[in-house]
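Notes follow the structure.
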Amino acid sequence: MFRATYSPKIEDLKNKPVVLLYSGGLDTSTMLVWLQENYKCEVISCTVSIGQKGKDFKQLEEKAYRLGVKKHYTIDAREEFVENYLFPAIKANALYEGAYPLHSALSRPLLAKYAIEIAEKENAVAIAHGCTGKGNDQVRINITAFTLNPKIKIIQPVVEWGFLRDQEIEYAHSHGIPIPEKSVYSIDENIFGRSIECGELEFPDKEPPADAFEWTTDPREAPNDPEYVELTFKRGIPIKLNGESMNGYELIQKLNEIAGKHGVGRIDHLEDRIVGLKSRELYENPAAVVLIKAHKDLEKGVCTSQEVDFKNMVDQRWAYMCYAGLWLNPLMDDLNAFINEVNKKVNGTVKLKLFKGNAEVVGRKSKWLLYDYKLATYEGISTFNEKASYGFIELWGLQTKMSYQIKKQNENED
Ligand code: ARG
């Protein structure tokens, strides 16, 4: 059953439609032609807009048609991405290995979903995508795709074609495929963040070069005065920036600009990939870092300490499931049910200070806060019954005291 998913036979694809997830870069442009040539299939290309900066979708479409596709789809999934993928991640305070806000990982199940939807609509026998055989993205796309429709086959040309870099460029050259200027880094981006890999970054002992960053100012050159931002959450979802209501996409976009200007959101992470590799990843996530910090702070304020402890475990598992390509595993629904329940009370406003690469929470306000000034204050008006502490401490420390004393006695006797 497993084998049947991959490496379909050439004769099975002849004159049949195949849907390619097409980003417009060298790899997917080359495969667009290679698929037609190798399998004699009809290629249908699909590009999904999720907030990649500076991508000209019209131009991509024209290029796809020029390279022989039968049909091209451009899908605007920006709001869907924010609402169905990023909002759940914010509610889960999702950081893989405590560091990576998962923007690339979150996008893959969405891309796979569209590839399968189009494949079903067009009666395609296979989908194809540009992932290498070394990364996490293939895990995420393939699992989502074969879970949604086990009958549709998957082609990973980078794994199949056996080209070395120079051979791929030579192939592109001889087939009239435009070759973009060689970039030092491999970039994957969407509204929630930017992943930067390759080049110098493959040496984890070296500080990332300045030219790797595009969304964030070098903190040394960031403004000398701090800037304050206020984020308002309703049921765990950010709904206002500085008191102004806006949709999620716009809010994240604006926050990326503000926080990026202050150098917030640079992440240098030696990461454990699902396929076993450790790899050095560089990320820029100005808005994501601020949103998760703010959300986590507010959530902590409205939850009991027992809920906070337990939710930390749930959040970690959520991030892992997302990273590991298990988006459609029912455990995700189970975790989301708990996360949504907790988030019903995550309502309020958090104030943060952005300054020279840092985002710090400096205030929070909510009707749901489990904070009571009258209980907490050191002023004379406190209603906290301090005498009650004596009895509490006596019982709270009972076993600690007993076990220490018993150990001491027994050690002296033996
Ligand atoms: N390491 C990150 C992840 O696995 C980023 C991957 C970026 N993808 C890419 N094709 N460059 O989620």
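Atoms within each ligand, like the ligands themselves, are counted from 1 in listed order. Sequential numbering from 1 along the given sequence is applied to the chain's residues. Both backbone and side-chain heavy atoms feed into the values below; hydrogens, waters and symmetry mates do not.
- Near Ser186, with a cut-off below 4.0 Å to any heavy atom, the atoms of ligand 1 are 11 (N).
- Annotation for ligand 1: atoms under 4.0 Å from non-hydrogen atoms of Arg140 are 3 (C), 4 (O), 12 (O).
- At least one heavy atom of Tyr283 sits closer than 4.0 Å to an atom of ligand 1.
- Taking every heavy atom of Asn136 and a limit of under 4.0 angstrom, the matching atoms of ligand 1 come to 3 (C), 4 (O).
- Of the protein's non-hydrogen atoms, the one nearest atom 7 (C) of ligand 1 is Ser104 OG, 3.6 Å.
- Checked for salt-bridge contact, Glu197 and Arg273 meet the test: a charged N lies under 4.0 Å from a carboxylate O.
- Contact of the Leu21 side chain with the Ile127 side chain is not registered, since no non-hydrogen atoms from C-beta on lie closer than 4.5 Å.
- Atoms of ligand 1 found under 4.0 Å from any heavy atom of Glu271, numbered from 1 in the order shown, are 1 (N), 2 (C), 3 (C), 4 (O).
- Checked by atom type, the side-chain pair Thr74/Thr47 shows no donor-acceptor distance below 3.5 Å.
- Residue contact check: Ser195 has heavy atoms under 4.0 Å from atoms 5 (C), 7 (C) of ligand 1.
- In this structure, the side chains of Glu394 and Lys401 come closer than 4.5 Å at one or more pairs of heavy atoms.
- Each of the atoms 10 (N) of ligand 1 lies under 4.0 Å from some heavy atom of Arg108.
- The number of heavy-atom neighbours closer than 6.0 Å to CZ of Phe310, taken from other residues, nucleotides and ligands shown, is 12 or below.
- Considering only non-hydrogen protein atoms, atom 9 (C) of ligand 1 sits nearest to Asp137 OD2, 3.4 Å.
- Glu160 and Asn38 share no donor-acceptor pair across their side chains, judged by distance under 3.5 Å alone.
- Taking every heavy atom of Glu281 and a limit of under 4.0 angstrom, the matching atoms of ligand 1 come to 1 (N), 2 (C), 5 (C).
- Looking only at heavy atoms of the protein, atom 11 (N) of ligand 1 is closest to Glu197 OE1, 2.9 Å.
- Heavy-atom contacts of Tyr100 reach the following atoms of ligand 1: 2 (C), 3 (C), 5 (C), 12 (O) (cutoff under 4.0 Å).
- Below 30°, between 30° and 60°, or above 60°: for Tyr283 and His269 the angle between ring planes is between 30° and 60°, a tilted geometry.
- Note that NZ of Lys365 is 11.0 Å distant from OG1 of Thr232, once rounded to the nearest 0.5 Å.
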